[in-house]
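Note sheet for the following structure.
Throughout, a chain's letter reflects where its sequence line sits, starting with A, and its residues are numbered from 1.
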Number of protein chains: 2
Amino acid sequence: MVYRRTQAVVTRLEDNRARILAAARKLVAEGGWRHAHIATVAESAGVATGTVYRYFPSKAELFAEVLAIVSRRERDVIAAVVDGDGAPPVRMRGAVCAFARRALRGRRLAYAMIVEPCEPEIDAARLEWRAALGEEFVRLIRIGQEQGAFRAGDARIAAACVVGAFMEALVGPLAPEAFADERVADALIDQIADACLAIVAKPPARATSRIGRIA
Amino acid sequence: MVYRRTQAVVTRLEDNRARILAAARKLVAEGGWRHAHIATVAESAGVATGTVYRYFPSKAELFAEVLAIVSRRERDVIAAVVDGDGAPPVRMRGAVCAFARRALRGRRLAYAMIVEPCEPEIDAARLEWRAALGEEFVRLIRIGQEQGAFRAGDARIAAACVVGAFMEALVGPLAPEAFADERVADALIDQIADACLAIVAKPPARATSRIGRIA
DNA sequence: ACCTCATGTGAACCGCAATTCATTCCTTGA
DNA sequence: TCAAGGAATGAATTGCGGTTCACATGAGGT
């Protein structure tokens, strides 16, 4: 064999791959899933359609990776807050606010990542992402419970509630047709954080949360 | 014109339509969206493929209507609780529990309705349903606020948080591969209700929810 | 009975974008 | 410079299931 991948080639390959991913991401961030076609991605990345398939086995896997990359960043941000210092309630508020703020800044992308209807295969990847985000909150809630700052209970359920709460609350405001106003956004974030904190916070002495309990 | 729809025919037409809808619903409830094909629906309803199109303009609209029907029932159940008597916290707990209990009973269908990846068009209908459900909670929260039982704030945001919280908390347990145990389910429902109640309940005197606030 | 129009049928069609692959273009090492 | 194989190309193919439509069947009215 007289051909072996030289460093230059390896670099170029990696660069291509990165450019394809970047193009895919950019397209989603601009036009949502509706415009995320392989042909468009290829063109935007400056390669031929077929070339995309030299790097990714299928459309679903390409976009799943885009999702994974974006997700990972968000997860890292949250993880940093979770592992930071400050009392658990402070961290909870910080994590939720961080997510909400970042989502509202990169609205179109966040909308696509969180709610925009998309192909089933990509949607499945979203579920995994949510689960991963949830894990960070599970960790945080367990920390809070150990320190006696949060109320007892299954941390996974509480985490799911927290994640669901802030995600759903962002759905409306993230919609492309919604208005984006700094003031409104701040108030929104604040209230979402209140809600999330309330989910895990210890109830007052005479447990309000017992009201209306079935059993 | 020598032909006019007689009552018998009208009845038969309505019956066909109903059977198609029922078949569609049944298929989703059994196999999820994956098996929800027009041809399958037609067969299951005892009509020809083309006949389905005499009653519904497209696959998306057929399933959107299925979704609407199932949704409406859920919404009505919640509306009944919202308009019932009892203090707002009791109603909140009741509404959430009712939804969760019903969802866990009709697991497969609930899973499809809430999370299962599906075609974009159908997914869009889901968003509307969630919004509709949310409205009931907005009403409830406003009632609670007026009575001074719930804390102040934008009811729509709080409602979104509540809906997101219980929906997301149900995602894991509703997944087809998850186990269904009565005891576990009851505990789950109870904890979800706690979380949702906490979102809207008034905080204790020295507001815990102020902890860690940004501004 | 029979004409007319509505309803039902299901095999064929179609649209669309993902995916493929024969071909061309590059890169390597001798 | 060249042989050998890797990488890139993009037009053609594919596949799939929704949708159509020419025809059959059945109902209504005279």
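Here A:Arg12 reaches the OP1 or OP2 of D:dA8: one of its side-chain N or O atoms lies under 4.0 Å away. OP1 or OP2 of C:dT7 lies within a sub-4.0 Å distance of a side-chain N or O belonging to B:Arg5. In this model, the phosphate group of D:dA8 is approached by a side-chain N or O of A:Tyr55 to a distance below 4.0 Å at OP1 or OP2. A close approach under 4.0 Å does occur between a side-chain nitrogen or oxygen of A:Thr51 and OP1 or OP2 of D:dT9. The phosphate of C:dG8 has OP1 or OP2 within less than 4.0 Å of a side-chain N or O from B:Asn16.
Checking D:dG28, D:dT9, D:dT19 against the side-chain heavy atoms of B:Thr6 singles out D:dG28 as nearest. Here the nucleotide nearest the side chain of B:His37, chosen from C:dG8, D:dG18, C:dA6, is D:dG18. Of all nucleotides listed (D:dA8, D:dA27, D:dT9), D:dT9 comes nearest to the side chain of A:Ala48. Picking from D:dG28, D:dA8, C:dT9 the nucleotide with the shortest atom distance to the side chain of B:Val9 gives D:dG28. Relative to the side chain of A:Thr49, the nucleotides D:dA8, C:dT19, D:dG28 differ in distance, and C:dT19 lies closest.
Applying the side-chain hydrogen bond (donor to acceptor under 3.5 Å, both in side chains) test to pairs two or more places apart or on separate chains, those with a residue in residues 13-22 of chain B are B:Asp15-B:Arg19, B:Asn16-B:Arg19, B:Asn16-B:Tyr55, B:Arg17-B:Glu65.
For the pair B:Arg54 CZ and D:dT25 C1', the interatomic distance rounds to 12 Å; values are reported in whole Å. Straight-line distance from the CD atom of A:Glu119 to the P atom of D:dC16: 16 Å, rounded to whole Å. Distance CZ (A:Arg19) to P (D:dA7): 16 Å, rounded to an integer number of Å. Put simply, CG on B:Leu62 is 14 Å from C1' on D:dG17, counting in whole angstrom units. Computed from coordinates, the A:Asp15 CG to D:dA7 P distance equals 15 Å when rounded to whole Å. The separation between A:Lys59 atom NZ and D:dG15 atom C1' is 15 Å, rounded to whole Å. Taking atom CD1 of residue B:Ile20 and atom P of nucleotide C:dT7, one finds them 13 Å apart after rounding to whole Å. Taking atom CZ of residue A:Phe56 and atom C1' of nucleotide D:dA8, one finds them 16 Å apart after rounding to whole Å.
A 4.5 Å side-chain heavy-atom check between A:Cys118 and A:Arg126 finds at least one atom pair inside the cut-off.
Each of B:Ala36 and B:Gln7 was matched to the nucleotide of DNA chain D holding its nearest heavy atom; the match closer to the 5' end belongs to B:Ala36. Annotation: of the two residues near DNA chain D, B:Ile38 and B:Ala8, the 5′-most nearest-nucleotide partner is B:Ile38.
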Going by atom type alone, with no hydrogens or angles, which donor-acceptor pairs under 3.5 Å involve a side-chain atom of residues 155-163 of chain A and a protein atom two or more places apart or on another chain?
residue	atom	partner	partner atom	Å
A:Arg156	NE	A:Asp154	OD1	3.3
A:Arg156	NH2	A:Asp154	OD2	3.1

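Residues B:Gly32 and B:Arg108 approach most closely at CA-NH2, 3.2 Å, considering heavy atoms.
Aromatic ring orientation, A:Phe63 versus A:Trp33: perpendicular (interplanar angle above 60°, classes split at 30° and 60°).
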